[in-house]
Amino acid sequence: MDYFVGLNDPQQEAVRYLDGPLMIIAGAGSGKTKVLTTRIAHLIHKGIDPFQILALTFTNKAAREMKERVEKILDNNEARNLYIGTFHSVFARILRFEANHLGYPNNFTIYDSDDAKSVLKTIIHENNLDDKHYKPSLIYNRISSAKNQLISYIDYAKDFHFQQEDSINNRPMIASLFEFYVKRCFKNGAMDFDDLLYNMYILLKNLPDILNKYQHKFKYILIDEFQDTNPAQYEIIKLLSAVYKNICIVGDDAQSIYSFRGATIKNILQFKNDFSDVKVIKLEQNYRSTKSILHAANGVIIHNKIQIEKALWTENEEGEKIKLIKTKTDNEEGKLVSDTIAELKLRNHFRNRDFAILYRTNAQSRSFEESLRRLNIAYRIYGGISFYQRKEIKDFLSYLRVIVNPMDEENLKHIINYPVRGIGKTTIEKIIQFSNQENISFWESLSRIPEIGFRGMVKNNINEFVLMIKNLQAMLQKNNAYDIAMNMSKTTGLLKELFNDKSIEGVNRYDNIEELLNSIKEFTETQTDEGELQDKRLGSYLQQITLLTDADSDKEDQDVVKLMTIHAAKGLEFPCVFVVGLEEGLFPNIMATYNREDLEEERRLFYVAVTRAKLKLYLSHSNTRYHFGNLQQNDPSRFLDEIPENYIENSYASVNTWTTNVGKSIPKHNIKIPSSGVQSRMKSLEYPLTEFVLETNFIPDDPVKMKIGTEVEHQKFGFGRILNIEGSPSNLVATILFPNFGGEKKIILGYAKLRIIDNSKSKDIENNESIKRL
DNA sequence: TCGGAAATGTTTTTT
DNA sequence: ACATTTCCGA
């Protein structure tokens with residue numbers, strides 16, 4: 001067959017080996033997508049019905065691409081019938097169909113993590129617990145991690161490790177909150193992301209008929225990015241593949257970077273033991289990167305202890321050495337990277353789309369945005385707050401969700417008084433009380449207004465609201481998603497409310513809603529594939545929309561520089577890559593430096609970053625960086641030292657701003673008139689040394705006077721004691737213990753706003769020049 | 001009960 | 001630094 005042309009031997013073998021368990025260890029850039037798609041095409045060519053092929057990917061985008069590529073190879077419509085999607089979207093589809101077996105409505109709502117946290121917040125308050133101690137996000141993470149290990153709230157309460165941890169942290173109520181949360185979600189007819197996996201497992205595990213049905217439906221199963229699956233996903237896969245055992249997993253343990261989401265590298269290491277006669281094929285030839293880049297990557301990953309043995313190699317050119325960019329500040333880092341992009345465009349005729357800037361945390365995008373904008377270079381940031389998380393979009397979708405599933409109390413409460421219609425807090429409280437008392441849902445209570453005792457305006461307002469929702473619900477059967485959304489936006493006054501807001505943000509919000517309406521229209525009008533549900537209704541729309549991410553709305557052909565986290569860059573490749581912020585504490589992130597497992601994952605993350613590059617790779621780090629509005633000093637990342645020296649070029653630095661005259665170029669007293677916010681933050685601090693006196697003019701002392709042991713005061717951190725001073729005379733760095741502000745901090749004395757408090761407290765007004773300047 | 005001011009939290013990564 | 005939440009006065 002001609003689709004074998006261009007495949008190397010192991011790739012061909014991986015495509016041809018159709019029956020029985022197959023594990024493909026596919027190094028970075030080894031053509032694994034090509035193998036997967038060709039394999040699917042080959043299966044279909046061999047007569048396997050596409051309806052019987054299930055392929056699970058990590059992102060919707062990967063799924064879409066895979067389908068397109070199979071279509072291209074086969075050059076017919078057969079690929080349309082494939083079951084390709086993410087774990088979450090495929091399972092959501094199945095659950096939507098089978099929901100009744102679990103006692104859920106078919107139109108169940110999917111809660112994203114914001115929805116889930118907001119439900120948790122309510123529950124925490126209902127239990128009279130402090131949400132400072134029982135932080136919703138923390139509770140959510142605990143519950144999520146339990147569900148990803150298929151641990152129910154009952155098991156959780158008995159689980160030794162969870163209980164021990166909770167008790168050490170003095171949070172004994174988590175198990176109980178877990179129970180409340182699960183029951184509330186169920187009552188609301190809602191599943192969170194983890195439920196899509198957990199409930200899928202329960203469905204298969206507890207209902208043999210259904211298990212049997214899907215086991216036979218999916219005769220051939222393929223799983224991409226297997227190293228990033230969690231135990232729940234793996235157990236489901238084991239169940240589904242138990243009859244035919246035609247399971248093909250593709251993964252690379254060196255690229256496992258999602259353990260924080262419950263993924264475990266154990267799955268890939270365990271696969272060989274869990275299935276018998278596993279065929280293992282390694283794809284070790286890299287087609288993506290230059291020798292320099294690949295060798296550098298290999299040189300780094302070798303520092304990890306836990307890994308499957310493999311030797312990645314390439315026939316590509318040697319290429320240029322990797323370039324190291326050093327800067328003084330984070331802004332300069334942005335500037336230098338942008339300048340380099342501009343220069344490369346000019347000299348080497350690269351286009352914007354050839355560049356990617358990859359960072360560890362979303363917060364790092366700012367300086368690059370600014371500098372790119374200054375040079376008029378088009379860019380796009382991926383991740384961060386996605387379109388669907390915007391307030392106006394959430395409000396809008398809340399309405400649609402309530403129409404589809406009025407049992408969803410969370411969304412119902414969200415919209416009942418928006419736009420304002422005179423149903424206030426106390427009214428809602430009363431309704432909640434009534435529903436608890438009668439053991440009915442919030443929505444059901446709304447139809448029994450006289451019994452609660454509402455009369456007059458309140459009664460009318462509620463009745464009007466209920467009638468409006470009911471009218472919209474009446475459309476559900478006959479009308480498509482767009483018709484209902486359009487109708488809703490008019491009858492609820494939502495569109496009008498936004499239209500009347502003529503502020504810049506208001507106009508923006510209106511535009512966003514328009515865009516959303518357009519996307520709904522598109523959803524109802526596009527011809528779906530036969531394999532998909534031919535379901536243009538609102539419920540179907542809502543279920544898929546929650547599972548979309550930023551990357552999924554990518555307009556492929558835009559000529560823009562791409563900015564994203566390394567996590568988001570997984571699976572992608574770019575001619576020129578900048579990996580930025582390579583500093584201790586940031587990357588490896590401070591949170592990941594406490595044990596070997598986390599550090600190794602961090603190193604794998606770096607490996608992923610490096611292997612995104614095809615031709616040119618730049619690594620940058622900055623001496624100082626703002627964090628929470630404070631200047632911090634960071635050492636270069638240890639990962640930089642791990643790159644073999646002969647592949648990296650150290651000389652690429654902004655020498656003029658870096659090595660020389662650090663002290664001279666910076667004003668000695670970098671004084672800011674304290675903002676009121678800072679003052680009030682100080683007020684709440686208590687420190688035994690001295691009573692804090694509120695001051696409007698905070699004049700720092702000359703750092704020269706500060707010694708180890710000196711007691712100082714910082715505008716934000718409060719009082720502290722200098723534990724250590726190091727560095728060159730022009731660039732002294734002090735380690736200071738701030739008992740009331742999280743302990744030790746490293747502070748550059750040249751920049752710091754510190755006042756000596758054990759000598760004098762004199763308010764020196766003479767230095768006012770620098771105040772005027774600011 | 002609303003809007004502005006003050007206080008507080010956030011930054012590790014995401015389906 | 002920025003966003004969100006809470007506080008407070010009219």
Check: protein-nucleotides 8-10 of chain C nitrogen or oxygen pairs below 3.5 Å:
none

Rounded to the nearest Å, what distance is computed from the NE2 atom of residue A:His125 to the C1' atom of nucleotide C:dT5? 11 Å
What does the list of N/O pairs under 3.5 Å between the protein and nucleotides 11-15 of chain B look like, with a distance for each?
from, atom 1, to, atom 2, distance (Å)
B:dT12, O2, A:Arg360, NH1, 2.8
B:dT12, O2, A:Arg360, NH2, 2.3
B:dT13, OP1, A:Asn362, N, 2.9
B:dT13, OP1, A:Asn362, ND2, 3.2
B:dT13, O4', A:Arg360, NH2, 3.3
B:dT13, O2, A:Arg360, NH2, 2.7
B:dT13, O2, A:His567, NE2, 3.4
B:dT14, OP1, A:Thr565, OG1, 2.8
B:dT14, OP2, A:Asn362, ND2, 3.4
B:dT15, O4', A:Arg261, NH1, 3.1
B:dT15, O4', A:Arg261, NH2, 3.4
B:dT15, O2, A:His88, NE2, 3.0

How long is the span from the OG atom in A:Ser137 to the CG atom in A:Asp114, to the nearest 0.5 Å? 10.5 Å
Hey, does A:Lys132 reach any base, or is it just sugar-phosphate, or nothing, if we go heavy atoms under 4.0 Å? sugar-phosphate
Across all chains, not counting sequence neighbours, the salt bridge (Lys or Arg N to Asp or Glu O under 4.0 Å) partners of A:Arg171 are none
Atom-pair distance (NZ on A:Lys117; P on B:dG9), nearest Å: 16 Å
Set of residues satisfying salt bridge (Lys or Arg N to Asp or Glu O under 4.0 Å) with respect to A:Arg360, sequence neighbours excluded: A:Glu602
Member of A:Arg625, A:Gln633, A:His621 meeting the side chain to side chain donor-acceptor pair (under 3.5 Å) criterion with A:Glu583: A:Arg625
Pair A:Thr109, A:Asn188 - check side chain to side chain contact (heavy atoms under 4.5 Å, CB included), show working. CA-CA 8 Å; A:Thr109 306; A:Asn188 288 0; over 6 Å; no
Test salt bridge (Lys or Arg N to Asp or Glu O under 4.0 Å) applied to A:Glu165 - qualifying residues, sequence neighbours left out: A:Arg142
Atom CG of A:Asp131 and atom P of C:dT4 are separated, to the nearest Å, by 17 Å
Does A:Lys570 make a cation-pi contact with A:Phe58 (under 6.0 Å, within 45 degrees of the axis)? yes
Under the side chain to side chain donor-acceptor pair (under 3.5 Å) rule, collect the residues that match up with A:Ser620, sequence neighbours excluded. A:Glu333
Measuring only the C1' atom in each nucleotide, how far is B:dT13 from C:dT4? A whole number of Å is fine. 22 Å
